[in-house]
There are 2 protein chains.
Amino acid sequence: MDPNARVSANIKLVAEAAGVSRATVSRVMNGRATVAPELAERVLTAARALDYAPSQVARSLALGRTATIALIVPDLSNPMFQDVLRGLSLAAGADGHRLLIAESNEQVEDEEVLALEARRRCDGVVLASPRLPTADLERLVPQLAPLVLINRKLPGVPSLSVDYAAGIQDLVAHLLSLGHRRIVYLAGPPPSTSNRERLDALLHLSEQGNAFELIQVACGATFENGHAVAGAVASSGATAAVAYNDMVAFGALSGLHELGVSVPGQISVTGFDDIPFARFTTPPLTSAAVPRNTLGNQAWRLLHAQLTGQGAADATDFRPRLLVRGSTGRTNG
Amino acid sequence: MDPNARVSANIKLVAEAAGVSRATVSRVMNGRATVAPELAERVLTAARALDYAPSQVARSLALGRTATIALIVPDLSNPMFQDVLRGLSLAAGADGHRLLIAESNEQVEDEEVLALEARRRCDGVVLASPRLPTADLERLVPQLAPLVLINRKLPGVPSLSVDYAAGIQDLVAHLLSLGHRRIVYLAGPPPSTSNRERLDALLHLSEQGNAFELIQVACGATFENGHAVAGAVASSGATAAVAYNDMVAFGALSGLHELGVSVPGQISVTGFDDIPFARFTTPPLTSAAVPRNTLGNQAWRLLHAQLTGQGAADATDFRPRLLVRGSTGRTNG
DNA sequence: CTGAAAGCGCTAACAC
DNA sequence: GTGTTAGCGCTTTCAG
């Protein structure tokens, strides 16, 4: 009993068993029609008997392609990336491609290595919300290509982005239509680009139109962060709160509830992202829905196009969809 | 401008540029100390100049291992699998292994092909809650090994399972201690094994101890399902409801709230799974926490052991942890 | 229609 | 220490 007995049969073994050449086995296994039925039958029988299945690694080396792509995300516990992953997985899978996944766990310094490492074992990469500085990212492009970016734009690289500014604009327009003129922003993590974009949009809107006064409260990205600033929100004098994201909004909702502040009676609250739970809170949360599955799906389209030699390096923006629910109402202020 | 210009340099090119043999380049790239500093320097310089990085595919073929493992799940949108994925990804990543992921999208007939396909490009497989019939699964074991099963047991295969019965037992014990003697079960999807296990545990407990009366209400697995049966729950005469899972419990909570039934004042409600939101509902949900990250983490330990030749085919059961929160209280009935 | 042989890029004995 | 050489398992011209 040799412990090193073949893990699995290889093409040579099958060829010998079937009394044909390896080339013929290869042809049969790949469904080439140019093999005599009798031979094909013999090969298939031998393959079955030996539990033979071609090594995809050897195949990849010979063909120069792996039929595998990689997705690099900062954080797998973030619903945004979970849905991108799912959309990408389904779309690529439907086209016969496998998916390699790497999580940087928000460690910027690991992102580059992970991406390069992954790229070397597959045919292309999708980089979701990379935290890498632009200079580093640009330097990496040639080594990562074919590449698709999500929530990041770079000249010459196909990308898919969420137009956060447009989402904020819709939320603010909604609040203004309800009579709100004093709005407090529960800010996300300062280093985050998406916080930057939301804040810039708010600043722009308030300065430009002079239609409302903007108050900022440093907050964060979690339920706890939102919960912690409920007091500040209540005493801010604002009649509406725009939260960095849904989680923060939930925390605020919960905190306000505990303080006896009624939503939307005394203050309206909006989230951002429309995570699965937004529909189920009391009151249900008004939010801006990011088309997460679509992002994954389209990322595959863009990557697939490059893999088949139809590169089109355009940048697409997805406008979030405003979802008005029970957490916003007319101000009585 | 040859469009087929080398995608990236290979070892031969670097060897020539550095004026050494390919073996030396290989040694340097793998950090073997047995190379003269001067040569190593030349190699590294050449590699840098050519943007050289070893092909992992060729390396895998030569070494006979890929440093990659695969995870097969039925549904990536299920929090259970998301967390298993995350735990596995982090643990395997920390040990320098990549993760290939495949989703069967609940199509039993695809599971086998996906698993086999994945296995051929990596060193081992984790199969999470496979829906495959046992006979098929047993047949596949030799071809998938090294293999780890999650929520499924098979002789000779290392596996990790959640002891749902124990979780139910803890929840019931908790309710009994609060004085509840009439409990309604909001049943999950009938074909689901995990519903079967929970129901069996409940039946066993109620028949065995005679400590409480069990009422069954057909429900489902979603928020909407739970919401829809709130009326039936309220009129059942039960003082406590055990929901199939947290989502159903949330729906019930919401429906009861709308009906003006106070929780836990008039009726106590328990969930199962402790999904991230369970802490954040009003009232927070009493539930049984499934150690999802641990499952992923331990799956890697088990797989890693096999990869390094220390196979131990034991089956571990994880007892869910009872989390008492605000949705359960002493009965006034 | 089938087989022989070269090669994908890398590693690992084995000599020098 | 370093180079030579023979694979790893598969695909693919190119003859026949």
Side-chain angles (χ1 to χ4, degrees), chain A residues 4-44 46-47 50-68 116-117 119-123 143, chain B residues 4-44 46-47 50-68 116-117 119-123 143:
Chain A
N4 283 328
R6 63 148 222 296
V7 176
S8 81
N10 62 21
I11 198 173
K12 190 173 160 209
L13 222 55
V14 175
E16 285 167 0
V20 299
S21 74
R22 296 179 310 185
T24 297
V25 174
S26 174
R27 291 186 184 110
V28 173
M29 296 313 290
N30 289 294
R32 301 257 187 293
T34 69
V35 178
E38 192 232 352
L39 278 198
E41 190 48 52
R42 252 160 56 202
V43 168
L44 288 176
L50 296 169
D51 258 348
Y52 171 70
S55 152
Q56 294 302 318
V57 175
R59 200 149 188 280
S60 295
L61 180 58
L63 291 174
R65 55 183 180 72
T66 62
T68 299
L116 287 173
E117 239 286 331
R119 176 61 182 86
R120 273 178 224 129
R121 10 184 116 247
C122 66
D123 305 337
Q143 308 185 52
Chain B
N4 284 328
R6 65 148 219 297
V7 175
S8 81
N10 61 21
I11 199 173
K12 191 175 161 206
L13 222 55
V14 175
E16 285 167 0
V20 300
S21 73
R22 296 179 310 183
T24 297
V25 175
S26 173
R27 290 187 185 108
V28 172
M29 297 311 292
N30 291 293
R32 300 258 187 291
T34 68
V35 177
E38 190 233 351
L39 277 197
E41 192 47 53
R42 253 162 52 203
V43 168
L44 288 176
L50 295 169
D51 256 350
Y52 170 70
S55 152
Q56 294 303 318
V57 175
R59 200 148 188 280
S60 297
L61 182 58
L63 290 174
R65 54 185 181 71
T66 61
T68 299
L116 287 173
E117 240 288 330
R119 178 59 182 86
R120 273 178 224 129
R121 9 183 117 249
C122 65
D123 305 338
Q143 308 184 52

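Each chain gets a letter, A, B and so on, in the order the sequences are listed, and its residues count up from 1.
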How long is the gap from CD on B/E117 to SG on B/C122, to the nearest 0.5 Å? 10.0 Å
Could you check whether any side-chain N or O of B/R22 sits under 3.5 Å from a backbone N or O of B/A15, counting only pairs where one atom can act as donor and the other as acceptor? no
When every nucleotide of nucleotides 10-16 of chain C is labelled 5' to 3' by its protein contacts under 4.0 Å (heavy atoms), B for base, S for sugar-phosphate only, - for none, what sequence of letters results? BBBB---
Angle between terminal axes - the helix from C/dC1-D/dG16 to C/dC16-D/dG1, 5 pairs each end, rounded to 10°: 40°
Between B/R59 and B/Q56, is the side-chain contact (heavy atoms from CB on, under 4.5 Å) condition met? List the steps. CA-CA 5 Å; B/R59 200 148 188 280; B/Q56 294 303 318; 4.1 Å; yes
Counting only heavy atoms from other residues, nucleotides and ligands, does the tally under 6.0 Å from CZ of B/R120 exceed 12? yes
Sub-4.5 Å side-chain heavy-atom contact between B/S26 and B/I11: yes
Value for OG (A/S60) from CG (A/D123), rounded to nearest 0.5 Å, stands at 7.5 Å
Rounded to whole Å, please give me the gap between CZ in B/R65 and C1' in D/dG9. 17 Å
Measure from CD on A/E41 to P on C/dC1 and round the result to the nearest Å. 17 Å
From the candidates C/dC8, D/dG3, D/dT2, the one with an atom nearest any side-chain atom of A/L61 is C/dC8
Is the shortest side-chain N/O distance from A/S21 to OP1 or OP2 of C/dA4 below 4.0 Å? no
With a 4.5 Å limit on heavy-atom distance, are the side chains of B/R121 and B/T66 in contact? no
Which comes earlier along DNA chain D counting from the 5' end, the contact point of A/V57 or that of B/L39, where each point is its nearest nucleotide? B/L39
Does B/N30 offer a backbone N or O that forms a donor-acceptor pair with the side chain of B/R27 under 3.5 Å? no
